[in-house]
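To start, the structure itself, in structure tokens.
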Amino acid sequence: MCMVLKFPQIFVLMRAKSASGVSLKSLLLELIGFIVFVTYQMYYDYPPPTYLEYPILIAQDAILLLLILHYNGSLRMGLIYAFLFVGGWRLLTLKKWIIDLAMSLCTFISGASKFAQLQCLWSSKDAAQVSTSTWAMATYTCFARIYTTMATTGDTQVLVRFGVMTLLNLWVLLTVIYYQRASRSKKKD
């Protein structure tokens, strides 16, 4: 499912030619969280099936980032973000304590990305360009990863991360549904 998780959001943005309601801050924090998480998994030689979807999710988020930057008129920032993400990724692997600390903060970073999206939705009250399918799949995949983590590594940090992300993804999903229904109700009136 992760192979196509961000496709609905990508298609919604391309169709609307607008990034209204989609938080750039949320996406940037999510990318940081994904990069830290996949680097941690690779650093400790976890089995590839425990993290294989993350490079695919990072690629999809990079496409979303470029779309958001394009529709916001700041596509040139993409090069700066690429430099920062690659540099940050390299920094993570310099010393063991750096990746351990980053992983300890990863749940907070990823959680902050969900709160940034919620804040964007609350302030704009506009979820028209936010894909419910993407958030539903994100909720499901995090929930499924709780099971796969228990069955493979049992890593407590990873289990906590997926538990928290499942709940926060569900919160964003419900908020998106709420604002989309409210918008439809206003249009009917």
Side-chain angles (χ1 to χ4, degrees), residues 1-10 12-13 19-41 44 46-47 49-61 64-65 68 92 99-183:
M1 189 175 290
C2 288
M3 300 286 252
V4 297
L5 190 132
K6 301 291 182 152
F7 282 17
Q9 185 62 67
I10 290 167
V12 167
L13 290 182
S20 175
V22 180
S23 170
L24 175 62
K25 188 186 324 179
S26 172
L27 184 63
L28 293 171
L29 287 167
E30 182 176 73
L31 270 166
I32 293 167
F34 284 172
I35 290 168
V36 167
F37 186 75
V38 75
T39 305
Y40 175 87
Q41 298 271 316
Y44 283 105
Y46 281 17
T50 64
Y51 63 83
L52 202 54
E53 72 270 16
Y54 281 88
I56 296 162
L57 288 170
I58 290 168
Q60 292 175 47
D61 269 359
L64 272 174
L65 177 60
I68 290 170
L92 289 172
I99 189 64
D100 289 341
L101 176 63
M103 186 58 192
S104 295
L105 298 172
C106 188
T107 300
F108 296 108
I109 294 165
S110 295
S113 80
K114 307 313 175 206
F115 282 112
Q117 181 58 51
L118 285 165
Q119 181 184 27
C120 181
L121 290 166
W122 294 332
S123 65
S124 71
K125 297 183 182 0
D126 178 13
Q129 277 70 253
V130 182
S131 170
T132 54
S133 299
T134 291
W135 286 101
M137 287 190 285
T139 303
Y140 171 78
T141 57
C142 279
F143 184 73
R145 274 297 178 196
I146 293 170
Y147 169 76
T148 59
T149 301
M150 288 191 310
T152 56
T153 66
D155 187 315
T156 304
Q157 273 194 99
V158 175
L159 284 169
V160 168
R161 180 184 189 281
F162 283 125
V164 170
M165 292 307 101
T166 299
L167 294 174
L168 291 175
N169 283 334
L170 180 61
W171 190 2
V172 173
L173 172 63
L174 295 174
T175 304
V176 169
I177 291 169
Y178 172 80
Y179 283 121
Q180 286 180 349
R181 284 188 180 164
S183 176

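The structure presented is a predicted model; accordingly, all values stated were derived computationally and were not measured.
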Kindly state each residue pair satisfying side chain to side chain donor-acceptor pair (under 3.5 Å) with at least one member in residues 20-29, sequence neighbours excluded.
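Residue pairs passing side chain to side chain donor-acceptor pair (under 3.5 Å), neighbours aside: Ser20-Asp126.
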By side chain to side chain donor-acceptor pair (under 3.5 Å), which residues pair with [X], not counting sequence neighbours?
X      : result
Ser113 : none
Gln60  : none
Thr148 : Arg145

Tell me, please, which residues at least two apart from [X] pass side-chain contact (heavy atoms from CB on, under 4.5 Å).
X      : result
Met150 : Ile146, Leu159
Ser110 : Cys106, Arg161, Met165
Pro47  : Pro49, Thr50, Thr153
Ile177 : Thr132, Leu173, Arg181

Rounded to the nearest 0.5 Å, what separation is found between the NZ atom of Lys125 and the OG atom of Ser183?
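Answer rounded to 0.5 Å: 13.0 Å.
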I'd like to check the salt bridge (charged side-chain N to carboxylate O under 4.0 Å, His left out) partners of Asp155; sequence neighbours left out, ordered by chain and number.
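Salt bridge (charged side-chain N to carboxylate O under 4.0 Å, His left out) check on Asp155 returns nothing, list empty.
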Applying salt bridge (charged side-chain N to carboxylate O under 4.0 Å, His left out), name anything that partners Lys114, two or more places apart in sequence or on another chain.
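In terms of salt bridge (charged side-chain N to carboxylate O under 4.0 Å, His left out), with neighbours along the sequence ignored, Lys114 is linked to Glu30.
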If you take all heavy atoms of Leu121 and Val172, which pair is closest and at what distance?
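Shortest heavy-atom separation between Leu121 and Val172 comes out as CD1-CG1, 4.3 Å.
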Going by the ring pair (Phe, Tyr, Trp, His ring centres under 6.0 Å) test, which pairs reach into residues 102-129, not counting sequence neighbours?
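Checked against ring pair (Phe, Tyr, Trp, His ring centres under 6.0 Å) - neighbours excluded - the pairs reaching residues 102-129 are Phe115-Trp171, Trp122-Trp171.
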Qualifying ring pair (Phe, Tyr, Trp, His ring centres under 6.0 Å) pairs with a residue from residues 134-170, counting only residues at least two apart or across chains:
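Counting only pairs at least two positions apart or across chains, the ring pair (Phe, Tyr, Trp, His ring centres under 6.0 Å) contacts touching residues 134-170 are Phe37-Phe162.
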Any sub-3.5 Å donor-acceptor pair from Thr134's side-chain atoms to Gln9's backbone N or O?
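The answer is yes, because a donor-acceptor pair under 3.5 Å joins these two groups.
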